[in-house]
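Throughout, residue positions are numbered sequentially from 1 according to the sequence presented. The analysis underlying the following values was restricted to heavy atoms, covering all of them including side chains, and did not include hydrogens, waters or symmetry mates. Ligands are counted one by one from 1 in listed order, and the atoms in each one are counted from 1 as well.
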Amino acid sequence: MRLLMEERTVENGKVENLGDVPSPIDLRQMADAAEWAAVAMEKRPWRVEFFGRFAHELAGACRVLELGSGPGFLARHLLERLPQLRLELFDFSEAMHQLARERLGVLAERADFRLGSFREADWARGLPLYDAVITHQAAHEVRHKRHLPTLHRQARSLLRPGAPYLMCDHYAGGDGMANDQLYATVEEQEAALRQAGFGDVALLMRQGGLAFFRAV
Ligand SMILES: C[S@@+](CC[C@H](N)C(=O)[O-])C[C@H]1O[C@@H](n2cnc3c(N)ncnc32)[C@H](O)[C@@H]1O
């Protein structure tokens, strides 16, 4: 296997980027996924306010891709409120998809579950174009802020002309996160979106360590 300069192989043959920030938990394991899901809304009850803004922004959208969809909190909020919506849930954790299916119940009839990692170079290949690509509290899972422009560029490639990319994530600094390698500052988040080719970038909300951008 040919490795890029930044890469190294680790014990199990997996390739990791040097300088990336390893995750202390493995959200592909049901125990870790379920534990994350059990406390997510309690830990940050204001997440629901962000969900409300997603719903507002998506009024009229029919086909939407959610990256790092996790246990389906945002998906449920959206599918309950937007009857025209069909959601594609993209996550690398089958455990998270299982939790999302349970959370969605009959709403899962309007959801498609795709297993994949947005850290893979070709994750977007073969996907159709969407009325929006959305992501909540997951973009930092690229495991270093320097990978954000690549993720955003790949998301942009999946948008119909004029369709929005709605990106909400933790930020570094101030009342946000301490790790300034894993997380970008709000200014760096905006710069990463512009670097990915988005011309119209607006900060819609910032609260409790989360910043929500609309990029077109
Ligand atoms: C912090 S959780 C957020 C879940 C959900 N968006 C929410 O806010 O409730 C991050 C999610 O990203 C997923 N994830 C982590 N790394 C990923 C990757 N490389 N590709 C796709 N999904 C990933 C995890 O499985 C998890 O579901």
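A donor-acceptor pair under 3.5 Å is absent between the side-chain atoms of Arg76 and the main chain of Ala100, judged by distance alone. A donor-acceptor distance shorter than 3.5 angstrom exists from the side chain of Arg143 to the backbone of Val21, with no hydrogens or angles considered.
For the ring pair (Phe, Tyr, Trp, His ring centres under 6.0 Å) test with Tyr165, the passing option among Phe198, Phe54, Phe212 is Phe198; the others fail.
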Which protein N or O atoms sit under 3.5 Å from any N or O of ligand 1? Give each pair with its distance.
| residue | atom | partner | partner atom | Å |
| --- | --- | --- | --- | --- |
| ligand 1 | 6 (N) | Gly68 | O | 2.7 |
| ligand 1 | 6 (N) | His136 | O | 2.7 |
| ligand 1 | 8 (O) | Arg47 | NH1 | 2.9 |
| ligand 1 | 8 (O) | His136 | O | 3.2 |
| ligand 1 | 8 (O) | His136 | ND1 | 2.9 |
| ligand 1 | 9 (O) | Arg47 | NH1 | 3.4 |
| ligand 1 | 9 (O) | Arg47 | NH2 | 2.7 |
| ligand 1 | 19 (N) | Ser117 | OG | 3.0 |
| ligand 1 | 20 (N) | Phe118 | N | 3.0 |
| ligand 1 | 22 (N) | Phe92 | N | 3.3 |
| ligand 1 | 25 (O) | Asp91 | OD1 | 2.6 |
| ligand 1 | 27 (O) | Gly70 | N | 3.4 |
| ligand 1 | 27 (O) | Asp91 | OD2 | 2.6 |

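A search for side-chain hydrogen bond (donor to acceptor under 3.5 Å, both in side chains) contacts involving Arg156 returns nothing, not counting sequence neighbours.
When only modelled atom types and interatomic distance are considered, Tyr130 and Glu88 share a side-chain donor-acceptor pair under 3.5 Å.
Aromatic ring orientation, Phe51 versus His136: perpendicular (interplanar angle above 60°, classes split at 30° and 60°).
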